[in-house]
Amino acid sequence: MASWQRAVYALTVEDMDTALENFRRGWGVQYRRLWGYMTAEWLPVRHMWAKCYTNQLRHLGNTSSNRVEAAHSSFKKWLQSSTGAVDTVYKKNDDYIEAQHLQIRKLLEDSRQKKLLRADGKPFRELNTKVTLEALRLMLFEVAVEGEPCTCTFLPTYGLPCRCSIQLARRENRDFALYDVLPFWTVINYREPPTRPEWDDHSDYHRGVFQGLVQEVLDRGDETIRGAIGLLRSHLHPENDGIDEPHGGQPR
């Protein structure tokens with residue numbers, strides 16, 4: 001069944017198809033009913049279980065139903081019964097949510113006593129204390145993987161910079177800003193909730209980047225300046241890109 005495991009965890013559609021073909025040759029010929037079952041029930045919904053497809057979804061590391069099943073089990077224990085009136089169940093559900101809220105607040109307070117994980121050096125310095133510890137761990141683990149090419153699935157699945165983005169930021173000697181990560185990973189300040197998240201306002205950063213690009217264009221000479229003028233003019237005034245034909249037809 002190793003070929004089936006390779007099909008499930010293949011990173012590309014081509015690798016998955018190759019593994020499925022090997023599975024068919026190894027098991028489908030000898031166990032035709034098994035292959036018929038897989039063809040009828042599993043392969044039509046491969047986008048729901050094959051990693052090459054699920055890696056295109058923002059699953060934040062949740063690739064199974066374990067958390068949902070655990071939540072259901074916990075709620076059933078809180079109810080202490082599988083039956084009950086609507087008003088009773090509603091009240092117990094409200095109490096259950098309130099208890100979870102208090103538990104989360106306690107965990108946050110306890111976390112303040114733990115040693116802070118810091119990611120020193122570029123490009124993570126600006127993210128310290130602004131994103132969760134799990135986000136820092138995930139990014140540090142991603143960049144620590146050596147000898148394997150970047151699959152660029154870290155951004156769509158976790159909303160965090162992937163390995164090649166981290167390496168590019170290091171080569172350019174720049175830090176990641178808060179809006180480079182998914183807002184899901186930002187630190188919760190339940191005592192003083194922000195009125196406007198920092199990741200929602202990065203106009204100063206964009207102005208600085210634009211001014212740097214303008215200076216770079218000026219330093220490169222007239223040819224680069226003319227090209228940049230053409231691009232900006234086309235972007236700002238797209239209505240002037242085309243040349244209208246004369247009303248009297250083409251000149252003779």
Side-chain angles (χ1 to χ4, degrees), residues 1-86 88-90 92-94 96-97 99-100 103-104 131-132 134-135 137-167 180-186:
M1 299 295 284
S3 55
W4 177 255
Q5 291 290 331
R6 284 193 290 269
V8 172
Y9 294 105
L11 297 180
T12 65
V13 176
E14 292 76 12
D15 291 343
M16 180 196 66
D17 291 338
T18 300
L20 287 175
E21 178 60 21
N22 293 335
F23 177 82
R24 185 191 67 81
R25 292 177 179 176
W27 295 83
V29 176
Q30 185 176 2
Y31 302 98
R32 294 186 178 181
R33 292 183 60 186
L34 171 63
W35 179 247
Y37 169 75
M38 304 300 290
T39 303
E41 301 293 336
W42 284 87
L43 297 187
V45 293
R46 67 188 73 183
H47 61 281
M48 299 179 64
W49 51 261
K51 192 172 184 178
C52 58
Y53 291 110
T54 60
N55 267 355
Q56 305 305 316
L57 303 175
R58 184 64 54 77
H59 55 65
L60 302 174
N62 299 303
T63 56
S64 69
S65 60
N66 290 347
R67 289 194 176 187
V68 176
E69 293 171 2
H72 286 171
S73 175
S74 178
F75 183 52
K76 289 178 181 178
K77 290 179 180 179
W78 184 271
L79 291 177
Q80 296 180 348
S81 174
S82 59
T83 60
V86 174
T88 303
V89 173
Y90 184 85
K92 288 185 176 181
N93 181 58
D94 193 51
Y96 175 67
I97 295 176
Q100 283 188 322
Q103 184 180 10
I104 292 173
V131 299
T132 63
E134 182 64 17
R137 290 191 187 99
L138 286 170
M139 288 187 289
L140 291 174
F141 178 79
E142 173 72 3
V143 76
V145 178
E146 297 180 355
E148 297 182 8
C150 180
T151 58
C152 293
T153 59
F154 209 59
L155 180 61
T157 55
Y158 287 92
L160 296 170
C162 62
R163 196 179 315 151
C164 59
S165 298
I166 296 172
Q167 293 172 350
D180 286 317
V181 304
L182 188 70
F184 172 85
W185 298 108
T186 54

>> Please find the pair of heavy atoms, one from L20 and one from W35, that lie closest to each other, and give the distance.
In response: O-CH2, 4.1 Å
> Can you tell if the side chain of T153 reaches within under 4.5 Å of the side chain of C162, non-hydrogen atoms only?
Replying inline: no
> Which of parallel (below 30°), tilted (30 to 60°) and perpendicular (above 60°) describes W4 and W42?
Replying inline: perpendicular
> What residue pairs, at least two apart or across chains, pass salt bridge (Lys or Arg N to Asp or Glu O under 4.0 Å) with a residue in residues 55-70?
Replying inline: none
>> What verdict does the side chain to side chain contact (heavy atoms under 4.5 Å, CB included) test give for K51 and L11, after you've listed the backbone C-alpha separation in whole Å, the side-chain angles of each residue and the deciding distance to 0.1 Å?
In response: CA-CA 6 Å; K51 192 172 184 178; L11 297 180; 4.1 Å; yes
> Any donor-acceptor pair under 3.5 Å linking the side chain of W185 with the backbone of G159?
Replying inline: no
>> Quick one: does any side-chain atom of R46 pair with a main-chain N or O of L43 as donor and acceptor, under 3.5 Å?
In response: yes
>> Can you tell me if H59 has over 12 outside heavy atoms packed within less than 6.0 Å of its NE2?
In response: yes
>> Restricting to non-hydrogen atoms, name the atom on Y96 and the atom on A71 that form the minimum distance, rounded to 0.1 Å.
In response: OH-O, 4.0 Å
>> Would you compute the distance between atom CE of M16 and atom CH2 of W49 and round it to the nearest 0.5 angstrom?
In response: 6.5 Å
>> Can you tell me how far apart SG (C164) and CG (L155) are? Round to the nearest 0.5 Å.
In response: 9.0 Å
>> Using a 3.5 Å distance criterion without hydrogens, assess whether the side chain of S65 forms a donor-acceptor pair with backbone atoms of V68.
In response: no
>> Checking L60 against L182 for the side chain to side chain contact (heavy atoms under 4.5 Å, CB included) test, could you report, in this order, the C-alpha distance in whole Å, the side-chain angles of both residues, the deciding distance, and whether it holds?
In response: CA-CA 10 Å; L60 302 174; L182 188 70; 3.9 Å; yes
> Atom OH in Y9, atom OG1 in T54: separation rounded to 0.5 Å?
Replying inline: 10.0 Å
>> Using every non-hydrogen atom in the two residues, find where I166 and V143 come nearest and quote the distance to one decimal.
In response: CG2-CG2, 3.6 Å
> Roughly how far, to the nearest 0.5 Å, is the OG1 atom of T132 from the CD atom of E134?
Replying inline: 6.5 Å
>> How close do V181 and P161 get, counting heavy atoms only, and between which atoms?
In response: CG1-CD, 4.0 Å
> Atom CG in L34, atom CZ in F23: separation rounded to 0.5 Å?
Replying inline: 4.5 Å
> At their closest point, which heavy atom of L160 faces which heavy atom of A135, and how far apart are they?
Replying inline: CD1-O, 4.0 Å
> For the atom pair CD (Q103) and CD (Q100), what is the distance rounded to the nearest 0.5 Å?
Replying inline: 7.0 Å
